[in-house]
There are 2 protein chains.
Amino acid sequence: MNSPPKDEQMLAIAAVERDTGLSKDTLRVWERRYGFPCPVRDDNGDRLYPFDQVDKLRLIRRLLDQGNRPARVVGASLEELANLLDLADLGKTTAGAQSSVIDVAAFLESVRLHRCIELRASLQQMLLKQGLQRFAADTLCLLNAEIGQAWMRGELDVPEEHLYTEQVQNVLRTAIGSHANISGRPRLLLTTFPDELHGLGLLMVEAMLVPEGATCVSLGIQTPIQDIASAAVAGEFDIVALSFSGAFPVRQAIDGLKDLHRLLPAGIELWAGGAAVQGKHKRLEQVRIIDSLDDAVAALLEWRANHKG
Amino acid sequence: MNSPPKDEQMLAIAAVERDTGLSKDTLRVWERRYGFPCPVRDDNGDRLYPFDQVDKLRLIRRLLDQGNRPARVVGASLEELANLLDLADLGKTTAGAQSSVIDVAAFLESVRLHRCIELRASLQQMLLKQGLQRFAADTLCLLNAEIGQAWMRGELDVPEEHLYTEQVQNVLRTAIGSHANISGRPRLLLTTFPDELHGLGLLMVEAMLVPEGATCVSLGIQTPIQDIASAAVAGEFDIVALSFSGAFPVRQAIDGLKDLHRLLPAGIELWAGGAAVQGKHKRLEQVRIIDSLDDAVAALLEWRANHKG
DNA sequence: TCAACAGTTTGTCCAAGACAAAATGAACTC
DNA sequence: GAGTTCATTTTGTCTTGGACAAACTGTTGA
């Protein structure tokens, strides 16, 4: 009843759903409406997607996450490549303009080639050189952006991103653990909404605030809103902080934050950071929007100023 | 185009899919075949599942994971409860018979009430008392089993399990990090197969082996088989170790391990541990089956005996 | 600059049928 | 007994084409 793609060099629809994040319904309706993808069929009439079409679907998914509309991108490969290259090159040059303490190209190559040990060693070295906060706010921020762009250019795949995430997590958790502190104020509860799978942002915030003497507790990713509220009350937290990746639907983020604010008692502040909530200050007046990792520290100092004595 | 369940106290089919892990197709076909669930319909004819039915579905899901068959459990609630209680009570008493250094009931209560700080503190305390290896092999093993049974009894839900996992991860990664070592032999690559979501086993193995001087690199969960092989070669690993939870299909585990063994060069050993591969020594002669966390250390010593000089 | 409106796009859901992979159980062998 | 082989049932996934509401677009008017 599983659909192992073993037969040939093609993937069944369930595998494509997993690999691309596009639902089976969406894949079928695109085929009907736009004529792409156009999978072959096996003996049973089931769709089999050739690898190159799956690659193209992954590319399309990225462009959609970037804000493009399906009618525009589910078309000719040449135009897409043009759009893609425009955006990617733009990102590339701006990032390349920043000087940095790290050889980004060499680092990306380590990720691409699965050189796990090298990867861990260079992260560890940068951490020692810069200290936890600068490491998170500068180096990891830069690396995340670079990894994202490499992914956008199709140079990296899911397992490479997993490898990177895993090694960064190891380094960060270890470093954060050595600052451990279970009595400092404020006490922050960190987590993400149910549809958000990206949890690195939580650890990076923790890396910024724990050295400042705050107490951070992470619930991990994908916590239902009601559970966030009940955990915040039960744990007597001062602040609930949410993280949103760029892929998270803006509307869902805003509605969810408003709902959560309604569920939280007056004494508990609500913070939100990440690409999906940038510049949404006006629409979220009850929520402290965190613009950057350094801004998280600023927000912490504000809280202390408001709660001293 | 999302399906927010906001309207009433019921959930749309997509929300039920997310909450129960049962696919939309499965939910619809159960309704057709077994007459349960029997959701009401909104103005548009879309299914709306009352909360109590979703709860029952969650319960059914647990029973299925336990090995029950749908035809048996997608029936009357009374029978299910009977089955459930039988199994749970059995587990409870056997586990309760073991003496331990930790007040399991109090610990579970902390998880249930989201007392994150308390949770972390007691884990930390046990770690200091026992040392990393005994903490992992004894205490965490016991706690995992207890959490699993509490989940089975319906006392815990997804977010509580997340909370537990997150705190254990924090404590373990921190402790492992302090043993850090990037030159010791053997070098192990740790990961899971694509359909395996449970990654705590990997960390626990790491906790056993790193203090013995081994070098462990985790790729995280859900790595495609081909990527495991290429990462193992690229990183010059001595051993690839896989972890399988009890929910993982046995057949898929065995086939996947055989495939992976074929892809690995002769010099790289393949280890597998976890509930799904227990007692499968005969069917997997090329694979070193790890029966317990202590057995992982034994396997390590065997490897060293075979590679000394 | 913002709000309200109409028009289009787009993802999700529905129905009932079909089928292959998995589980079961019976018959058989070592 | 333990392990194979085979036929039978169970069970999850995939199929089709139609339908519709939420989200997005772009226009109008204050």
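Chain naming here is simple, since letters A, B, ... match the order of the sequence lines and numbering starts at 1 in each. Just so you know, these numbers come straight off a predicted model, no measurement behind them.
Salt bridge annotation for A:R47-A:E17: absent, with no cationic side-chain nitrogen under 4.0 angstrom from a carboxylate oxygen. The pair A:R288-A:D295 meets the salt-bridge criterion, since a charged nitrogen lies less than 4.0 angstrom from a carboxylate oxygen.
Computed from coordinates, the A:W30 CH2 to C:dT10 P distance equals 9 Å when rounded to whole Å. If you take CG of B:L11 and P of C:dC13, they are 12 Å apart, rounded to a whole angstrom. For B:N68 and C:dA22, the CG to C1' distance is 16 Å, given to the nearest whole Å. In this structure, A:E17 places its CD atom 13 Å from C1' of C:dG11, rounding to the nearest Å. Atom pair B:R69:CZ and D:dT9:P shows a separation of 13 Å (rounding to whole Å applied). In this structure, B:L64 atom CG and D:dG12 atom P are separated by 7 Å, rounded to whole Å.
Put simply, CG on A:D46 and CE on A:M10 are 13.5 Å apart, with the number rounded to the nearest 0.5 Å. Between the NE2 atom in B:H198 and the CD1 atom in B:I221 there is a gap of 9.5 Å [rounded to 0.5 Å].
Between B:S23 and D:dT13, a side-chain N or O to OP1/OP2 separation shorter than 4.0 Å is present. For the pair A:T26 and C:dT10, the criterion of a side-chain N or O lying under 4.0 Å from OP1 or OP2 is not met. The side chain of B:Y34 contributes an N or O atom lying less than 4.0 Å from OP1 or OP2 of D:dT11.
Residues passing the side-chain hydrogen bond (donor to acceptor under 3.5 Å, both in side chains) test with B:Y49: none are found, sequence neighbours excluded.
In this structure a side-chain-to-backbone donor-acceptor pair under 3.5 Å is missing from A:E161 to A:L156.
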Which atom pairs link the protein and nucleotides 14-18 of chain C when you take only N or O atoms and keep those under 3.5 Å?
{"residue": "C:dC14", "atom": "OP1", "partner": "B:R47", "partner atom": "N", "Å": "2.7"}
{"residue": "C:dC14", "atom": "OP1", "partner": "B:R47", "partner atom": "NH1", "Å": "3.0"}
{"residue": "C:dC14", "atom": "OP2", "partner": "B:R28", "partner atom": "NH1", "Å": "2.5"}
{"residue": "C:dC14", "atom": "OP2", "partner": "B:R47", "partner atom": "NH1", "Å": "3.1"}
{"residue": "C:dC14", "atom": "O5'", "partner": "B:R47", "partner atom": "NH1", "Å": "3.0"}
{"residue": "C:dA15", "atom": "OP2", "partner": "B:R47", "partner atom": "NH1", "Å": "3.3"}
{"residue": "C:dA15", "atom": "OP2", "partner": "B:R47", "partner atom": "NH2", "Å": "2.7"}
{"residue": "C:dA16", "atom": "N7", "partner": "B:R32", "partner atom": "NH2", "Å": "3.1"}
{"residue": "C:dG17", "atom": "N7", "partner": "B:R32", "partner atom": "NH1", "Å": "3.0"}
{"residue": "C:dG17", "atom": "O6", "partner": "B:R32", "partner atom": "NH2", "Å": "3.4"}

